[in-house]
Amino acid sequence: MSDTFLPGSGFDTYEQQDKVLVGLGGGTAAKVAVRILQQQGFAVAGAVVKLSAEEEPLVQSAKEAAKALGIECATLNAEALAAQGVPPVDARLSALLTAADKLGIQYIATGHHARVETDADGVSHLLPAADAASDESAALAALPQQTLARLILPLGDFSPDELSDLAEELQF
């Protein structure tokens, strides 16, 4: 892999942590996110969050993607959260955080196109993706500080074209 994955030197803040639990789907973006995190030095584990029985194809697709990437993939059942009316993004992140805690993993990551930056006071801030056309920060806007502090969004610094080029380079 080339050094083109690293947009600047903003990833050195994680040097004491080497594990991240990535929310997986079966798509190319999730695969690229895993490779970016691995290049940044993380040991990556995957998890697919199932919100309903109808998502079984998503589960199978995520497990196939994890196998192709050579990482483990747990299935997290969050149907109860979904049944309680918890919005899907919140249910998925809650399930990821709970699983990460049980596994002793400090960070979680998703393929959302947004960025999280931590200021000098240690406060994490959600920022729009570098590419405004692909920005998904609005979907994450209500996340509490304790979630933002543990969330890594590896795709937020890339445009869709750059991600497509990375996927092609990685033969995804």
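Keep in mind that the numbers below use all heavy atoms, side chains included, and drop hydrogens, waters and symmetry copies. If you read the sequence from its start, that first residue is 1, and numbering goes on from there. Predicted, not measured: the structure shown is a model, and the values here were computed from it.
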Inset, instruction - Look at atom CD of Q145 and say whether more than 12 heavy atoms of other residues, nucleotides or ligands are closer to it than 6.0 Å. - result: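 More than 12 within 6.0 Å, yes.
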Legend entry - Flag if over 12 foreign heavy atoms under 6.0 Å of CD, Q146: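 It does: Q146 CD has more than 12 such atoms within range.
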So how far is it from [X] [atom1] to [Y] [atom2], rounded to the nearest 0.5 Å?
X	Y	atom1	atom2	result
F158	L166	CZ	CG	5.5 Å
I71	R35	CD1	CZ	8.0 Å
L24	S61	CG	OG	9.5 Å
L81	D90	CG	CG	9.5 Å
I152	Q106	CD1	CD	9.0 Å
L127	S137	CG	OG	8.0 Å

Inset, instruction - Test Q60 against E56 for side-chain hydrogen bond (donor to acceptor under 3.5 Å, both in side chains), laying out the working first. - result: CA-CA 6 Å; Q60 293 309 314; E56 194 56 39; 2.9 Å; yes
Legend entry - Cluster check V116, L21: I/L/V/M/F/W/Y, side chain < 4.5 angstrom: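 Yes, one cluster joins them.
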Legend entry - Hphob cluster co-occupancy, L51 + V59, side-chain heavy atoms under 4.5 angstrom: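 No, L51 does not connect to V59 through the hydrophobic network.
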Inset, instruction - Look at the side chain of R150 and the backbone N and O of Y107, then say whether any donor-acceptor pair between them is shorter than 3.5 Å. - result: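 Between the backbone of Y107 and the side chain of R150 there is no qualifying donor-acceptor contact (under 3.5 Å).
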Legend entry - Sidechain-backbone polar pair: E136 side chain, H113 backbone, donor-acceptor under 3.5 Å: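 Yes, because the side chain of E136 sits within donor-acceptor range (under 3.5 Å) of the backbone of H113.
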Legend entry - Side-chain heavy-atom pair L155, I36 within 4.5 angstrom cut-off: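 Heavy-atom side-chain distance check passes, below 4.5 Å.
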Legend entry - V48 vs L76 side-chain heavy atoms within contact, under 4.5 Å: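 No. Closest side-chain heavy atoms not under 4.5 Å.
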Legend entry - Partner of T75 under side-chain hydrogen bond (donor to acceptor under 3.5 Å, both in side chains), chosen from K63, K50, E55: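 Of K63, K50, E55, side-chain hydrogen bond (donor to acceptor under 3.5 Å, both in side chains) with T75 is met by K63 alone.
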Legend entry - Residue pair D101 / T98, side-chain donor-acceptor N/O under 3.5 Å: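 Result is no, nothing qualifies.
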Legend entry - Side-chain donor-acceptor pair present, H125, D119, cut-off under 3.5 Å: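 Indeed, the side chains of H125 and D119 share at least one donor-acceptor pair under 3.5 Å.
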